[in-house]
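The block underneath contains the structure these notes are about, expressed in structure tokens.
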Protein chains: 2
Amino acid sequence: MKRARTEEAKDARRQVLLDAALDEFFERGFTAARTHDIAERAGLSKGTLYLYFDSKEALFSELIESLTSPNLARIDEIAATSPSALDAIDRFTGFASHLVRTSDLPRLMKVLIGDSQHFPETMKRYREEVLERVLGAIGSVLEAAKSRGEIVVGDPHLTARLVIAPVLFSGIWQAMFGADPKAQVDLEALFGEHARLLRRGMETADVRDGDHA
Amino acid sequence: MKRARTEEAKDARRQVLLDAALDEFFERGFTAARTHDIAERAGLSKGTLYLYFDSKEALFSELIESLTSPNLARIDEIAATSPSALDAIDRFTGFASHLVRTSDLPRLMKVLIGDSQHFPETMKRYREEVLERVLGAIGSVLEAAKSRGEIVVGDPHLTARLVIAPVLFSGIWQAMFGADPKAQVDLEALFGEHARLLRRGMETADVRDGDHA
DNA sequence: TATAAATAACTGACCAGTCAGATATTTATG
DNA sequence: CATAAATATCTGACTGGTCAGTTATTTATA
């Protein structure tokens, strides 16, 4: 193999290994995935993998980090810049649809769930720094809208979970059955209907009259 | 160990092994779980486990079967006996809340997701005979109600997925973080709000005026 | 040629499944 | 009723194979 001598070349190599790791972890689960196969998929040998990552588990941690942090920023941005809660919901569901259809998130979710109790510390951090943060952002938007009388909901922070739930559902469906043509789902339509139901379910009576399409 | 000579005693022994298997599969994942530990947890030796099940995988298959079939019957019953779709939704969400809070379903879901690609055949069957059947039952109820003009929805079979989504979300949450007191969720309130949002999101304008509590 | 990167053979630990022998329970017989 | 033979259940040491991580050696390149 051609050698990576510069820092950029090394970063590229790390990325190739991370990509290969996601493929293998997804296809076999963390425990069953072989470091030999990850390295081979990246066009390298097992020994080389250990030059770039301390252990299989370290590789896993870095994989999570590299796949989640960009999306978190986007969630915060939506929460901060939406003029109304109903608007934020449309944007959240649109982003969710995009994530589930085109990103690595569904495959990561599957791996995370499958090997969660092997890494209690990692999972706790993931929950606190990713899930609770996303739920918190959505919950706050709903809470503010509720106090302005813009929407009618029970506990906004519980409701945030209902906003998110279809992301997990369709992400997992996609990851598990996406390969089978018989199990295809029109995700844009699904998230469209989700947004419609939420809007209609939350909007106040007076908004109701001039209903949406 | 006292010996199981009668058929009933053997059935009981199978059940003890199935219970132990769920515990171990859940705690370590299918691949990482040791048959030795399953047997030990059941108060038996590894050799005995293999008198009752052909292989680790056969044990897994029987576990799925034993945990899903009772719930399926209940879903069909709700679909068949509910006077209206709005009523059926209340009953579905109530049953879902019950399942997530008190049954083994969340732990089974976690194991199934984690080791799905190890058993493509089992997973396909599970999708077709459990998931599609539940989605079909709910979808049909919605479809009938829509054609009666009782509710307003887009594609009823897509909407069925939105009805189910919080079951997966909270089941997985429960399985992964249920042990941590900081991550507790009021599931009854969650499913209550879910039912409320769905009802309000689907009901026709004329029903709207006399709104629910 | 010096040195950093890459390799592949190696080690030690682990585990599914097997099987020969041990033991609990039932059944036949005096 | 006693006990020995028969039977089915149970056990755990063993085998064959796997794999994470290490290291001695080779090789690219500045």
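Numbers restart at 1 for each chain; the letters A, B, ... are given by sequence-line order, proteins then strands.
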Sequence neighbours excluded, which residues qualify as side-chain contact (heavy atoms from CB on, under 4.5 Å) partners of A:Q15?
-> A:L18, A:D19

Distance in angstrom units between A:L51 CG and C:dT7 P, rounded | 9 Å

Of all the nucleotides listed (C:dA6, D:dC10, C:dA5), which has the minimum atom distance to the side chain of B:R13?
-> D:dC10

Which pairs count as salt bridge (Lys or Arg N to Asp or Glu O under 4.0 Å) when at least one residue sits in residues 41-52 of chain A, sequence neighbours excluded?
-> A:D23-A:R41, A:E24-A:R41, A:E27-A:R41

What N/O pairs connect the protein and nucleotides 26-30 of chain D at under 3.5 Å? Give each pair on its own line.
from	atom 1	to	atom 2	distance (Å)
D:dT27	O2	A:R3	NH1	2.7
D:dT27	O2	A:R3	NH2	3.0
D:dA28	O4'	A:R3	NE	3.3

Keeping to residues at least two apart or across chains, list the ring pair (Phe, Tyr, Trp, His ring centres under 6.0 Å) pairs with something in residues 70-110 of chain A.
-> none

All N/O donor-acceptor pairs, side-chain side in residues 160-167 of chain A, below 3.5 Å, sequence neighbours left out:
none

What's the CG-C1' distance between A:D54 and D:dT22, to the nearest Å?
-> 13 Å

Remember a base hit wins even if backbone is also touched, and classify A:Y52 as base, sugar-phosphate or nothing at under 4.0 Å, heavy atoms.
-> sugar-phosphate

Please work out which residues in residues 16-49 of chain A have a non-hydrogen atom less than 4.0 Å from an atom of DNA chain D and list them by number.
-> A:A33, A:R34, A:T35, A:K46

Do the side chain of A:S103 and the main chain of A:L105 share a donor and acceptor less than 3.5 angstrom apart?
-> yes

Residue pairs passing the ring pair (Phe, Tyr, Trp, His ring centres under 6.0 Å) test with at least one member in residues 102-141 of chain A, sequence neighbours excluded, are A:F30-A:F119, A:F60-A:F119

Sequence neighbours excluded, the answer for side-chain hydrogen bond (donor to acceptor under 3.5 Å, both in side chains) partners of B:R34 is B:D37

Which pairs with one or both residues in residues 177-199 of chain A pass ring pair (Phe, Tyr, Trp, His ring centres under 6.0 Å), sequence neighbours excluded?
-> A:W173-A:F177

Would you tell me if any nitrogen or oxygen in the side chain of B:K10 comes within less than 4.0 Å of OP1 or OP2 on D:dA8?
-> no

